[in-house]
Amino acid sequence: MSQTRFSSLSEFVRELRTKGELVEVNAPVSAELEAAEIHRRVIAAGGPALLFTNVKGASFPLVTNLFGTANRVLMAFGEEPRQTVARAAQLPQTLVPPTLGKLWSHRDLLKTLSKVGMRRVSSGPVRKVKQNPPVLSTLPALKTWEQDGGPFITLPLVY
């Protein structure tokens, strides 16, 4: 996949704000159940992305519902990922039984898939904040349901 339109999450959030697709929540909000419930109601209504700037006990803001509508997914990633996934989904039908010739005919797709999620950078906003030792409790990790074992660092998607 070629690089997305946005070079950083901050850039994407700015674009959402510009397009009226982001609401800032400045009131104090708890990461334990409260933010998740607000998020659940907004996503059920097809609402905007939410930027919680005042998460109780957290040193960082929290953004949710970034990809809550097809339009925002398209805004973030463009058409190429959809086309790549559609081609990858057809591989089992076109490659069985696998032969070198069939694999070779899909080499462009296989090369694209081998690069998914791979990007090395030497600098960026994520590297500006350093904690030594790291203190995960300062992250606005959500606890979404009362019976959850605790907060989830990567629920449900890592951008």
Side-chain angles (χ1 to χ4, degrees), residues 1-25 31 35-53 55 58 60-130 134 136 139-145 147-159:
M1 285 179 211
S2 64
Q3 190 167 340
T4 60
R5 277 185 58 193
F6 303 99
S7 62
S8 70
L9 178 59
S10 298
E11 190 177 313
F12 182 53
V13 168
R14 279 192 299 276
E15 180 72 6
L16 290 174
R17 184 179 285 120
T18 301
K19 301 268 188 203
E21 292 276 346
L22 177 83
V23 169
E24 261 188 56
V25 179
E37 179 60 19
I38 294 167
H39 165 90
R40 186 191 67 75
R41 291 177 187 197
V42 169
I43 199 168
L50 301 170
L51 177 62
F52 297 95
T53 59
V55 181
F60 303 94
L62 168 69
V63 65
T64 68
N65 202 23
L66 289 172
F67 313 117
T69 65
N71 181 54
R72 287 198 297 272
V73 171
L74 190 60
M75 186 188 308
F77 302 109
E79 279 290 332
E80 188 177 353
R82 183 185 310 191
Q83 294 162 353
T84 300
V85 169
R87 285 187 63 203
Q90 293 173 348
L91 282 179
Q93 286 127 9
T94 59
L95 290 180
V96 176
T99 65
L100 285 176
K102 288 180 184 178
L103 288 170
W104 185 254
S105 71
H106 293 286
R107 67 187 177 276
D108 64 320
L109 177 60
L110 298 173
K111 181 179 176 186
T112 297
L113 291 174
S114 73
K115 293 180 180 180
V116 170
M118 303 294 282
R119 183 172 171 212
R120 291 190 185 269
V121 295
S122 59
S123 66
V126 73
R127 298 182 62 130
K128 289 180 182 173
V129 178
K130 294 181 183 175
L136 294 181
L139 295 174
L142 295 179
K143 181 175 177 185
T144 56
W145 304 105
Q147 296 183 11
D148 280 344
F152 289 90
I153 301 285
T154 61
L155 176 76
L157 176 71
V158 177
Y159 175 77

Between [atom1] of [X] and [atom2] of [Y], what distance do you get to the nearest 0.5 Å?
X      : Y      : atom1 : atom2 : answer
Met75  : Leu66  : CE    : CG    : 10.5 Å
Asp108 : His106 : CG    : NE2   : 8.5 Å
Glu21  : Leu50  : CD    : CG    : 11.5 Å
Leu109 : Leu95  : CG    : CG    : 9.0 Å
Glu37  : Leu142 : CD    : CG    : 12.0 Å
Leu91  : Leu110 : CG    : CG    : 6.5 Å

Give me the atom names and distance for the closest heavy-atom approach of [X] to [Y].
X      : Y      : answer
Pro48  : Val23  : CG-CG2, 3.5 Å
Gly47  : Thr69  : O-CG2, 4.4 Å
Thr53  : Glu24  : CG2-OE1, 3.7 Å
Phe52  : Ala35  : CZ-O, 4.0 Å
Pro151 : Ala141 : CB-O, 3.5 Å
Pro61  : Leu51  : CB-CD1, 4.1 Å

* Would you please classify the geometry between the Phe6 ring and the Phe12 ring as parallel, tilted or perpendicular, with 30° and 60° separating the classes? =>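 Correct class here is tilted.
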
* **Polar side-chain atom of Arg72 near backbone of Asn65 as donor-acceptor pair, under 3.5 Å** =>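 Yes, Arg72 side chain to Asn65 backbone: donor-acceptor pair under 3.5 Å.
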
* **Test item: Arg17 side-chain N/O and Leu22 main-chain N/O as donor-acceptor pair under 3.5 Å** =>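 Pair absent, no side-chain N/O of Arg17 close to backbone of Leu22.
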
* To do: Return the set of residues passing side-chain contact (heavy atoms from CB on, under 4.5 Å) with Trp104 (not counting sequence neighbours), or none when no residue passes.
  =>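 Partners of Trp104 by the side-chain contact (heavy atoms from CB on, under 4.5 Å) criterion, ordered by chain and then number, come out as Arg107.
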
* Answer yes or no: does atom NZ of Lys102 have more than 12 heavy-atom neighbours from other residues, nucleotides or ligands under 6.0 Å? =>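 Counting neighbours around NZ of Lys102, more than 12 heavy atoms of other residues, nucleotides or ligands fall under 6.0 Å, so yes.
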
